[in-house]
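Written out below as structure tokens is the structure these notes cover.
Everything numeric in this text was worked out from a predicted model, so none of it was measured. Proteins get letters first, then strands, A, B, ... in listed order; numbering begins at 1 in each.
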Amino acid sequence: MDAILFLTFAAIAVACAINLVLQTHPISSALSLVGVMTSLAVLYLLLGGSFIAAVQVIVYAGAIMVLFIFVIMLLNTQGERTQPKKNVLPIAIALPLLFSLIGVLAAIVATQVPAGEIVKFGTFSGGDPLTFGRAMFTRYLLPFEVTSVLILIAIVGAVVLAKKEI
Amino acid sequence: MHQLWLIPALPLAGFLLNGIFGRKLSKAAINAVAIGSVLLSFLWVVKTLMGLGSLEEVYVERYFTWIQSGFVNVGFDFAVDRLSAVMLMVVTGIGLLIHIYAAGYMAHEGGYYRFFAYLNLFMFFMLILVLAANYLVLFVGWEGVGLCSYLLIGFYFLKKSAGDAGKKAFVVNRIGDFGFSLAMFLIMVNFGSLDFGTVFAKAVPMANETSAGVLTLICLLLLLGAAGKSAQVPLYVWLPDAMEGPTPVSALIHAATMVTAGVYMVARSAALFNHAPIAMEVVAYVGLITAVMAATIGLTQYDLKKVFAYSTVSQLGYMFLALGTGAYSAGIYHVMTHAFFKALLFLGAGSVIHALSGEQDLRMMGGLRKKIPVTFAVLFCASVAIAGVPPFAGYYSKDAILLAAHAHHPWMYWVGVVTAGMTAFYVFRAFFLCFFGTYRGQAHPHESPLVMTAPLMVLAALSLGGGYFLNVPHYLEPLFGGEHAAHDETLVLISVGAGLLGIALAALFYVVKPGLADGLARAFSWPYKLFYNKYFVDEAYDAVIVHPLRDGSSSVLWKGVDARIIDGAVNGTGSLMRAIGGGLREMQSGYIRRYAAWVVLGSVAIIAVVSFWGGVK
Amino acid sequence: MPPIPTVVPMSWYLILSAILFTLGAAGFLLRRNIITVFMCIELMLNAVNLTFVAFSHQLKQVDGHIFTFFVMVVAAAEAAVGLAIILTVFKNRQTLEIDEISSMKL
Amino acid sequence: MNLLDILLILPAAGFLLTLFLPKDNPGLIRNFVFGVSVVTFVFSLLLIGPVLASPGRLALEGNSSWIEYPAIRYHVALDGLSLWLVILSTFLTPIVTLVSWKYIQNRVKEFYAFLLALLLGVLGVFIAQDLFLFFVFWEISLVPMYFLVGIWGHDKRIYAALKFFLYTMAGSALMLVAIIYLYNKSGTFDIPLLLDMMAKGRLVLTGAESNWLFLAFFLAFAIKVPLFPLHTWLPDAHGEAPTAGSVMLASVLLKLGTYGLVRICLPLFPGAARDNANWIIVLAIAGIIYGALVAMVQPNMKRLVAYSSVSHLGFVVLGIFTFTQVGLDGAVYQMLNHGISTGALFILVGMLYERRHSLEISDFGGVATAAPWLTTMFVITTLASVGLPLLNNFVGEFLILQAAVQVNFYYAAFAAIGVILSAVYMLWMVQRVFYGETPETVKHHMPDMSTREWAIIVPLIALMVWMGIGTQSFLPPISANSTQLLQVMKQPAPPSAVQAAKESVHAR
Amino acid sequence: MPANFMPTAQEYLRFAPESLLILVGVLLMILEPLSGPDGKRKFAVISFAALAAAIGLAIAAGMDPGPAFSGLLMVDGFATFFRVLVLVIGMFVILISTNYLKLEGHESGEYYALLLFSVVGQCLMAASNDLIMLFIGLECSSIASYVLAGYLRDDKRNNESALKYFLLGSFATAFLLYGVAWTYGTTGTTNLTAIRAYLMDPAHHANMVVVGAATALMFVGFAFKVSAAPFQMWAPDVYQGAPAPVTAFMSIGSKAAAFAMFVRVMMTAFEPVKDRWEPLIWISALATMTIGNCAALRQSNLKRLLAYSSIAHAGYLMVAITAHSEIGTASVMFYLTSYALMSLGAFAIVVYIARKGERFVEINDLAGLSQRQPLVAALFVIFLLSFTGIPLTAGFFGKFYIFKAALDSNLVWLAILGMLNSAVAAYYYLRLIVVMYMQPPAEGAEELLAPTIGIRVTMLVTAALTIALGIFPSFILDLAGKSAAFAR
């Protein structure tokens with residue numbers, strides 16, 4: 001069961017990610033990204049991260065992606081214009097590069113990281129909101145507080161940059 | 001103490017006075033200072049020599065340590081022995097006469113004070129050279145006279161040829177000095193001193209070097225030095241050009257005194273040469289070659305002073321022949337007599353030139369014996385003296401040399417005799433061309449004033465009687481030993497005969513049958529051209545040394561090595577850096593995605609290296 | 001056709017993460033629309049998050065989740081600022097072509 | 001307070017005060033700086049006594065900590081080697097101040113300030129006994145010279161200034177690495193201490209280490225000297241600098257290089273110095289001949305004199321690397337001689353430039369007629385430069401060649417060719433500039449020497465004669481130092497080093 | 001883990017500088033809408049005072065070193081040193097900002113607030129002892145910088161700069177995070193001290209390949225932030241486009257903080273595996289300085305030139321990291337101090353030269369500066385000589401200590417190549433002097449008004465300190481030496 005779930009959602013995630021990269025219109029990409037995020041949320045659940053899975057859906061797939069889509073709509077951009085002459089050079093350079101990146105990363109993971117135990121839903125539940133909240137407000141209190149500054153910066157920044165534009 | 005230092009110091013004082021204040025002084029004052037200082041110097045020489053008596057021993061005066069460093073310890077010392085006594089007398093005596101003569105000769109020239117200042121400076125250095133008690137002090141005088149020669153040859157510096165000649169003289173002398181200084185260093189290293197006394201004392205017990213050794217090297221280098229100063233082959237080329245200087249200078253420096261410095265120096269170093277037979281042989285050969293070569297050139301020249309200049313070279317060759325055969329005293333003897341008659345020849349020539357307002361070309365002279373009789377008379381004296389007509393000065397010294405040559409290698413004697421004949425021929429050729437026949441020039445000849453002719457007469461007397469009355473070889477015997485070759489009457493007769501034959505031929509060609517000479521020249525046009533053009537030696541030097549050196553330095557070294565290779569490398573490094581910078585700029589394309597590609601590339605490489613290869617270690 | 005596995009080891013999650021990370025990088029290198037490029041960064045962050053969560057499972061710790069959480073917060077903040085920057089760029093240049101934003105170079 | 005501290009403070013204070021003088025009163029600035037430099041010179045004469053009193057040893061030592069870590073000390077002292085170089089520097093500064101009196105008309109304040117800064121730098125180099133301090137002053141001396149060339153120079157001044165700076169900088173970069181390396185080995189920058197440690201075997205460098213360190217120092221110094229083929233900055237810098245700059249560059253700055261060789265390269269790395277001596281001597285001789293030949297064909301007077309410097313400095317290097325008493329004495333003496341005579345040459349060329357506003361030889365001719373005294377002075381200086389006896393250069397060349405013969409006759413034979421050639425290029429220049437008919441362009445612009453110019457040139461000429469004849473006024477402290485240096489170089493390797501060498505042999 | 005977690009007063013003190021700045025930042029935003037168009041100057045004054053006060057607090061906190069907030073912060077000497085350094089840099093940046101903003105008509109509270117927040121982030125980077133805290137601090141600093149880089153939102157150059165900085169910065173951050181994730185996965189912790197302990201403990205048999213990969217990925221992030229090769233490409237574009245004072249802030253303050261973070265992570269957490277990353281760092285260092293110097297040779301834009309110069313300096317700084325010793329760390333600290341001083345001075349001059357709209361940022365705009373404004377030119381010379389590394393300036397000792405550290409770890413060739421690099425660098429620094437001193441002013445050049453008080457103070461103080469450090473470096477160096485030991 002776990003395997004099927006994993007494979008299914010992994011496949012969705014990868015497919016959506018590929019779609020994200022292939023689509024020329026940002027809206028399609030954004031929707032693909034939502035797809036990735038949602039399927040990742042399922043995988044988080046599988047890994048015992050119930051709280052984080054929820055946050056993933058609510059904050060990430062919900063709030064952040066909405067922001068993206070909002071801006072895309074606001075700017076009303078078209079899809080990428082096809083270039084007058086098909087320039088294959090970037091792809092010719094980028095693809096080997098990317099293959100070597102994935103190759104290196106995967107090689108390390110496959111050969112060096114201990115395969116680890118079998119991931120089975122329910123074997124780890126340390127990611128529930130209670131445990132999460134305990135850690136967050138004791139040991140990680142400071143970063144949590146500082147995060148508020150971060151958000152503040154983001155707000156100020158957005159206002160400064162886009163005050164009169166919106 | 002005999003205060004030897006006064007001897008050079010007096011002319012030096014004259015030099016300083018004239019040099020610094022001369023421009024504001026009257027001619028009379030300049031004369032007083034210049035001639036007076038030399039006169040005083042001469043008198044001091046006489047007084048000193050009388051005070052020193054027979055000079056069986058070397059008399060040394062030490063003044064101060066000049067250079068002291070490690071094993072090098074050189075004092076500023078003067079010494080007098082019989083050799084330097086002879087030279088002192090010649091230098092100051094002839095010098096005095098020429099100073100007096102010059103007062104008249106230069107009376108109408110610009111830069112009067114400058115001329116006398118230089119002349120005094122020359123006296124200063126020449127006297128240092130003669131008085132030196134070690135090689136370094138000798139070298140001071142040696143270089144100093146070279147300098148004065150340079151200054152005086154270039155006295156008429158408005159003329160480019162004068163400047164060129166001066167420079168040539170200095171540079172060629174420098175080549176000689178190169179040898180001299182290297183010899184000096186070797187002496188220092190091998191004998192631990194430059195002091196004549198010490199060096200010769202150490203040299204005496206040494207064995208003769210039958211194969212080339214350090215002594216031979218030293219002597220050959222000394223010879224190189226001497227050859228430069230005394231205009232020997234192959235460094236004689238400057239002397240004919242040196243005639244660009246005023247005539248008194250030619251007489252004093254380039255005939256009577258400075259050019260004999262080489263002879264003096266070799267004679268001075270006799271103790272070394274005696275142990276280096278190979279070097280001796282080279283000296284003799286050099287002398288002989290020089291004598292013959294210069295004489296042949298002298299046969300064909302038309303410039304009065306040039307004839308005498310080649311004659312000087314030739315006579316210097318004789319002196320070297322004497323040295324090379326071990327007849328040092330004969331060499332010095334010839335130095336002295338040559339000083340008399342050659343100074344006279346030049347001064348007489350000066351008088352002729354003076355009379356003709358500067359004309360020097362024999363072809364523009366002729367028939368002057370009536371117009372300038374005194375000059376004619378003194379020049380005749382000088383000519384017979386140089387031709388070796390007994391019993392005049394040249395006869396004695398030349399015979400001494402030729403006899404020594406015969407004792408050494410008979411064939412050298414025969415070459416010497418032929419040269420003597422040529423000498424007589426060309427001197428009389430000039431004499432006849434000048435004074436006989438008809439006048440071919442435009443100027444109005446007039447006899448020189450007494451201030452010029454008086455020294456001429458004194459010199460004439462010396463040329464006639466100097467050889468007989470002043471028996472130098474005998475005087476120098478304690479120094480160089482009784483080296484007389486057997487007095488062979490036949491040989492003497494042959495050489496005298498050669499001289500007379502030369503005179504006769506000259507008379508035939510230029511008095512009796514003028515025109516015969518031209519015919520002969522046409523008949524033997526190839527050797528004639530060779531002689532006339534001085535064996536093309538100057539041209540050869542130009543083509544082989546001067547031009548390659550100058551052009552090579554300019555185009556190869558400066559513009560090639562310096563500008564192209566070294567600076568090219570330096571600037572090239574800069575350009576390379578800039579090119580790298582340019583390349584890096586190109587990478588800085590401004591495109592975000594390309595930058596990202598670099599990030600990915602860098603990451604892949606770094607991850608692969610750091611994780612899999614475990615770093616370099 | 002290999003048989004469908006019945007259980008999945010943890011490293012599969014990591015491989016997936018690596019794939020997603022690379023795909024994100026690919027998008028960054030290949031897409032020309034700035035917003036899409038930005039979304040690709042989000043994809044990369046998601047991949048990282050997956051790694052964190054997977055390791056957290058492995059280590060039986062919550063710390064990885066916490067890190068993930070902070071990454072999300074930062075992503076949100078970055079999104080706000082980033083989109084604002086994109087807005088100003090668009091306003092000044094009327095384009096979202098990433099290669100046209102290259103006036104500063106060399 | 002040590003006398004040497006005052007020696008440094010005088011120009012430093014002068015420099016700072018000059019900066020605060022009013023810009024629009026150049027007369028005041030000139031007088032002030034002239035005053036300062038004269039005071040410094042007179043003051044520096046006070047240093048002679050103490051140095052003579054302790055031959056072969058350091059005198060007037062001042063040693064206090066500057067920086068705790070790494071242990072950098074303000075260690076200054078004077079010995080026979082540096083004494084005359086210090087005095088040469090202080091002596092020339094008032095002279096170049098006078099030289100620039102009329103020559104420099106714009107930005108007077110900066111000019112004179114830089115002049116004093118330069119003096120400070122070179123004095124520091126000559127008295128520093130701490131490698132780090134040495135390096136600091138070494139680099140400091142670079143900056144004012146850069147400005148002097150770059151601002152007040154001729155047409156290609158910027159190129160020349162940059163080239164000068166970068167060349168030297170590249171060399172000193174390696175030197176700094178070597179200095180640090182040495183510190184890491186020994187824990188000190190102090191030269192006397194390093195020597196002491198080496199003597200006692202507390203500091204042992206392997207052959208390779210010693211060799212590389214030597215080469216690093218040597219390169220820096222060789223560039224400064226400059227040794228062929230690293231010399232190409234020199235004609236540019238000399239040729240383009242204003243007179244004062246050329247003088248200081250030739251007379252003092254080049255000496256930093258040769259001074260460094262004697263002060264650092266030889267005593268610290270005697271073995272490496274000996275191992276490398278042969279090719280260095282070959283380069284030195286190549287420089288002697290090469291410099292002379294290239295000087296011969298220069299159309300520009302300053303460049304000619306500059307190349308002649310390459311030739312002369314070749315002699316100095318030759319003398320140093322003979323490792324003999326005579327050679328070292330001669331080399332140090334020759335440094336001073338070159339300082340005086342080449343300095344004077346540059347000054348005289350500068351005087352010609354001020355009159356005719358050209359440095360091209362072809363623009364001159366017949367100056368002797370128009371300005372006889374100037375000509376006389378020039379000729380005397382020329383004669384000194386070509387090494388005529390009784391003038392200063394002769395003594396140095398004599399000693400150096402003497403030493404060369406001691407080592408290898410052929411070295412001397414080839415080096416002596418340079419003496420011949422010096423006559424060629426110098427006299428040829430004299431002939432072309434001073435002799436011949438006087439063209440109109442020269443005739444009316446060639447007044448003879450002014451009082452100021454007399455005041456500049458007479459001391460120099462007097463020194464040429466004095467140093468040519470009265471060598472014993474100068475040589476003894478130098479000799480004492482050379483003796484000491486050779487003593488240091490001869491010291492046998494301490495037992496521990498021998499042992500280490502043996503062990504390394506066994507280890508193979 | 002106690003459920004009733006309550007930080008002590010001591011821990012709050014250790015966080016006090018940041019707290020103060022955050023408060024003041026918030027205060028500024030409250031005041032912003034309340035102040036009229038003429039009242040903007042007070043924001044500068046307030047934030048300047050806040051930074052000054054924060055320095056006091058940082059020093060006070062440094063008196064009593066120790067961890068805070070469950071070991072997330074580590075207020076040791078190192079942290080204090082860098083906190084003070086970035087705070088001082090912040091103060092100078094404010095000094096050179098005020099007039100600039102006024103000229104551009106964009107003086108506002110937000111600018112100063114963002115600046116303060118960014119400084120908060122930098123302080124945190126210096127003091128974090130946990131990768132989480134480090135990440136948050138880094139993002140605080142970066143996000144604020146992104147905004148500041150594009151602060152003049154109508155300026156195309158500003159936009160572009162901000163966009164490039166933002167996109168590439170986020171891209172690199174992803175790599176950094178990936179590295180953090182793997183580090184976490186391998187060692188089970190994000191606390192630097194704990195990571196070190198884990199790696200030190202031979203019982204754990206940490207897989208070196210994975211650790212290496214994690215280090216490498218984190219290195220990508222760090223190298224990007226300090227603009228080290230091959231991740232330096234963003235820097236020139238971003239520095240050129242951003243407003244000059246912000247460029248100063250990014251290239252000095254952010255760089256200092258990034259180095260603090262870099263050094264701390266490498267010297268504490270990953271020190272046990274130094275054999276793996278040491279060659280990486282010195283190769284990168286060499287490439288960085290060479291690229292920076294060579295590329296700078298061809299620049300004509302002053303800001304861009306300084307950007308390349310700053311890349312080159314990053315290369316020198318990394319040399320010292322290879323020494324992985326306290327001396328090396330101390331030399332990094334010293335070098336950063338001197339670099340900060342001379343760069344601030346130089347940027348003050350750039351701001352002064354540039355004038356409104358940054359119209360005059362070409363090198364040729366400096367022509368004849370020595371005649372137009374002698375003092376400014378003279379001070380610029382001091383900074384340039386310091387960049388070059390001429391003695392009696394701070395830059396010289398900086399280089400000296402750096403290369404000494406390299407030689408301490410026997411990297412002779414690195415030292416030699418580094419020194420030769422500085423000779424190359426001399427060329428372009430000297431070229432500026434050439435333009436100022438040896439070329440006449442351009443025809444019809446606008447008259448330069450005397451510098452404003454902020455610029456003048458910055459120039460004079462930094463110049464004085466540059467010289468002072470060049471003569472008596474011990475003051476800072478001793479401090480750095482004492483602070484170089486990390487609390488582990």
Side-chain angles (χ1 to χ4, degrees), chain C residues 10 14 17-18 21 24-25 28-29 34 37-38 40-61 63-64 66-71 73-75 77-93 98 100-106, chain E residues 130-133 135-136 138-140 142-144 146-147 149-150 152-171 173-191 217 236-242 295 298-301 303-304:
Chain C
M10 204 270 305
L14 298 182
S17 155
F21 190 85
F28 197 106
L29 296 191
I34 300 174
V37 167
F38 188 16
C40 291
I41 294 177
E42 297 294 340
L43 177 59
M44 290 166 81
L45 293 181
N46 271 291
V48 173
N49 283 350
L50 180 60
T51 313
F52 269 118
V53 176
F55 276 128
S56 220
H57 180 268
Q58 163 100 340
L59 295 162
K60 306 284 181 270
Q61 283 178 354
D63 304 57
I66 303 254
F67 215 115
T68 307
F69 177 76
F70 284 125
V71 172
V73 174
V74 167
E78 271 192 0
V81 169
L83 289 170
I85 290 173
I86 292 171
L87 273 179
T88 57
V89 170
F90 184 79
K91 190 202 155 234
N92 275 324
R93 307 199 187 219
I98 196 163
E100 287 178 26
I101 319 297
S102 59
S103 67
M104 242 96 61
K105 59 185 169 193
L106 299 179
Chain E
D130 190 292
L131 291 172
I132 290 193
M133 205 55 234
F135 173 62
I136 307 274
L138 176 63
E139 284 301 312
C140 277
S142 300
I143 294 180
Y146 302 152
V147 179
L152 304 176
R153 58 174 177 267
D154 300 326
D155 186 312
K156 278 190 179 180
R157 287 175 297 181
N158 275 222
N159 299 152
E160 180 173 337
S161 167
L163 183 74
K164 278 184 177 163
Y165 194 19
F166 165 71
L167 284 180
L168 290 166
S170 310
F171 189 60
T173 308
F175 281 86
L176 172 68
L177 277 176
Y178 207 27
V180 171
W182 279 19
T183 309
Y184 169 70
T186 317
T187 62
T189 175
T190 52
N191 186 290
L217 280 164
D237 294 10
V238 171
Y239 289 176
Q240 186 189 358
R298 297 283 292 266
Q299 297 307 319
S300 62
N301 182 297
K303 278 166 83 184
R304 211 168 164 81

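Shortest non-hydrogen contact noted between E:A181 and C:T51 is CB-CG2, 3.8 Å.
Proximity of a side-chain donor or acceptor of E:E160 to a complementary backbone N or O of C:M104 within less than 3.5 Å is detected. Judged by distance alone, with hydrogens and angles left aside, the side-chain atoms of C:Q58 form no donor-acceptor pair with the main-chain N or O of E:G185 at under 3.5 Å. Under a 3.5 Å cut-off, the side chain of C:N92 and the backbone N or O of E:R153 do form a donor-acceptor pair.
Interface summary for chain E: among C:A77, C:A47, C:G64, C:A84, the most heavy-atom pairs under 4.5 angstrom belong to C:G64. Options C:S17, C:A54, C:G24 differ in how many heavy-atom pairs under 4.5 Å they form with chain E, and the most are formed by C:S17. Heavy-atom pairs under 4.5 Å with chain C were tallied for E:F135, E:F175, E:Y184; the largest tally goes to E:Y184. Contact tally against chain C (heavy-atom pairs below 4.5 Å) for E:Q240, E:R304, E:K164, E:R298: the top residue is E:R304. In terms of heavy-atom pairs under 4.5 angstrom with chain E, the leader among C:I66, C:I86, C:V71, C:T68 is C:V71.
Both the backbone and the side chain of E:V180 come within contact range of chain C, judged by heavy atoms closer than 4.5 Å. Proximity to chain C (any heavy atom under 4.5 Å) is restricted, for E:D155, to the backbone atoms N, CA, C and O. Using a 4.5 Å cut-off between heavy atoms, C:I41 touches chain E through its side chain atoms alone. Of the atoms belonging to C:S56, heavy atoms from both backbone and side chain fall under 4.5 Å from chain E. Heavy atoms of C:A18 lying under 4.5 Å from chain E belong to its backbone as well as its side chain. In this structure, chain E has no heavy atom under 4.5 Å from any part of C:V73. In this structure, the portion of C:F28 lying under 4.5 Å from any heavy atom of chain E is its side chain and not its backbone.
Once rounded to the nearest 0.5 Å, the distance linking CD of E:E139 with CD of C:E78 reads 4.5 Å. Once rounded to the nearest 0.5 Å, the distance linking CZ of C:F52 with OG1 of E:T190 reads 8.0 Å. Put simply, CG on C:N49 and CG on E:L177 are 8.0 Å apart, with the number rounded to the nearest 0.5 Å. With rounding to the nearest 0.5 angstrom, the CD1 atom of C:I101 is 12.5 Å from the CG atom of E:D237. Distance check: E:Y146 OH to C:I85 CD1 gives 8.5 Å after rounding to the nearest 0.5 Å. Considering CZ of C:F55 and OG1 of E:T187, their distance stands at 9.5 Å, rounded to 0.5 Å.
Of the residues listed (E:Y178, E:W182, E:F171), the one engaging C:F21 in a ring pair (Phe, Tyr, Trp, His ring centres under 6.0 Å) is E:Y178, and it is the only one.
At a threshold of 4.5 Å between non-hydrogen side-chain atoms, the residues C:T88 and E:N158 do not count as touching.
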